[in-house]
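A short worksheet on the structure shown next.
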2 protein chains.
Amino acid sequence: MKPSGHSHSHDHAAEPLSDLTSRLRQKSRRITGPRQAILDLLRQHRHPMTNKEIHAALADGGCDLATIYRSMHLLTEMGMVKRFDFGDGVARFELVTCDEHAHHHHLICTCCAEVVEIDDCFAAELEARVAAAHGFKSVTHKLEFFGVCPECQHAGHSHEKRARKKPCGC
Amino acid sequence: MKPSGHSHSHDHAAEPLSDLTSRLRQKSRRITGPRQAILDLLRQHRHPMTNKEIHAALADGGCDLATIYRSMHLLTEMGMVKRFDFGDGVARFELVTCDEHAHHHHLICTCCAEVVEIDDCFAAELEARVAAAHGFKSVTHKLEFFGVCPECQHAGHSHEKRARKKPCGC
DNA sequence: CTGGTTGCAAACAATTTGCAACCCA
DNA sequence: TGGGTTGCAAATTGTTTGCAACCAG
């Protein structure tokens with residue numbers, strides 16, 4: 001596993017870990033290497049990652065893929081990670097931050113799968129309206145945009161055989 | 001408080017078939033039994049269905065599951081059907097209607113998986129803004145709401161013990 | 001006829017689970 | 001020490017594909 005060293009700084013980077021510690025303790029869950037490594041990784045990448053990508057990135061002395069799946073379930077349940085579905089049948093995860101960046105959406109290129117973060121959100125009021133109209137509680141929402149990015153618009157029609165699974169069309 | 005005033009079960013009943021015919025012909029594709037049956041079924045259920053559910057519903061003299069997968073790909077490609085991901089790793093499909101009902105979203109109970117249709121949409125302008133801001137073209141969006149329905153609120157407290165696969169827990 | 005379609009089975013891919021060894025609190 | 005965790009492998013489940021038989025145009 002990655003050498004822990006001294007990571008007691010107070011910058012944003014350190015938050016997830018201390019947060020993890022306290023939250024895990026509340027549930028009599030343990031702070032393990034894999035869990036720390038996964039959060040570390042998610043903190044570095046700002047884009048959503050699939051479990052396979054996480055597994056690959058943790059390759060050096062990394063943990064088992066099954067452990068990653070189990071960890072993502074746990075972290076999602078604890079609200080430290082958020083799951084996204086871009087329509088290709090593969091789950092993607094992002095760290096839930098505490099800053100203004102916390103809630104955001106994505107703009108995904110249906111051609112090259114590029115992902116752009118969209119901080120703009122406006123659905124909060126809608127959530128309230130929807131909840132009231134149907135008597136639901138704890139209403140949240142997921143909103144993603146899909147389109148063709150500038151590069152793909154110019155990149156002619158190179159028949160790059162992208163699997164049907166990828167958020168791709170060309 | 002916006003009760004779904006009227007039932008939208010028959011008004012646009014006949015459209016899909018004729019629409020299918022013309023659209024398929026344009027692509028030198030054939031009008032087959034399975035395809036008609038699937039559209040018929042989707043026209044009756046106004047809620048999104050999984051391929052497995054479609055397969056089960058077509059049980060009597062129905063078609064192969066593989067055929068359903070293939071058909072859904074085709075129909076999605078032709079814009080006659082829309083795919084939804086509710087976060088449980090299973091694709092769901094709905095018929096694309098031509099009326100005001102065409103574009104809508106869902107409110108899914110994270111407890112019992114009940115699905116409520118939300119006609120209200122307001123993201124159109126956002127699409128334009130997002131597209132312009134990032135140079136994307138043909139931008140669309142997917143928006144789903146999640147919460148706890150009235151019944152589940154009363155049926156005891158199930159914290160966040162959300163099931164893995166099904167958007168269900170109780 | 002004839003190329004698009006289907007059924008069936010096998011292949012794939014994403015995700016889950018049983019279990020013994022292992023490790024943090 | 002003990003119960004939560006992990007790795008490994010096997011099992012599940014969702015989805016795709018190869019191929020011969022089949023059918024709509």
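Here the structure is a predicted model, which is why all the values come from computation and not from measurement. In what follows, every chain begins at residue 1, and chains take the letters A, B, ... in the order their sequences are listed. Just so it is clear, the values below take in all heavy atoms, side chains as well, and ignore hydrogens, waters and symmetry mates.
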(request) Using a 4.0 Å cut-off on protein heavy atoms (strictly under), produce a 5'-to-3' string for nucleotides 18-25 of chain D with B for base contact, S for backbone-only sugar-phosphate contact, and - for none. (result) B-----BS
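Shown here are the side-chain hydrogen bond (donor to acceptor under 3.5 Å, both in side chains) partners of B:Arg83, two or more places apart in sequence or in another chain: B:Asp85. Annotation: side-chain hydrogen bond (donor to acceptor under 3.5 Å, both in side chains) contacts of B:His47 (sequence neighbours excluded): B:Glu117. Listed by chain and residue number, B:Lys52, B:Glu53, B:Val90, B:Arg92 satisfy the side chain to side chain contact (heavy atoms under 4.5 Å, CB included) test with B:Thr50 (two or more places apart in sequence, or in another chain).
Toward the 5' end of DNA chain D, the nearer of the two residues B:Asn51 and A:Ser71, judged by each one's closest nucleotide, is A:Ser71. Place B:Arg83 and A:Thr67 on DNA chain D by their nearest nucleotides, and A:Thr67 ends up nearer the 5' end.
Straight-line distance from the CG atom of A:Leu58 to the P atom of D:dG7: 10 Å, rounded to whole Å. As rounded to whole Å, 15 Å separates atom C1' of C:dT5 from atom NE2 of B:His73. In this structure, OH of A:Tyr69 is placed 16 Å from C1' of D:dC8, rounded to the nearest angstrom. One interatomic measurement links the two molecules: NE2 of B:His55 to C1' of D:dT13, which rounds to 15 Å at whole-angstrom precision.
Closest to the side chain of B:Asp64, from the set D:dT5, D:dT15, C:dC8, is C:dC8. Comparing D:dT15, C:dT6, D:dT16 by their closest approach to the side chain of B:Pro34 singles out C:dT6.
For the residue pair B:Val81 and B:Leu42, the shortest heavy atom distance occurs at CG2-CD1, 3.6 Å.
Each side chain to side chain donor-acceptor pair (under 3.5 Å) pair with one or both residues in residues 135-144 of chain B, not counting sequence neighbours, appears once here: B:His103-B:His141, B:His105-B:His141, B:His106-B:Glu144, B:Glu127-B:His141.
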(request) Return one dot-bracket line describing DNA chain C 5' to 3' (Watson-Crick or G-U wobble pairs, both distances under 3.5 Å; ( ) same strand, [ ] crossing, | another strand, . none). (result) ||||||||||||||.||||||||||
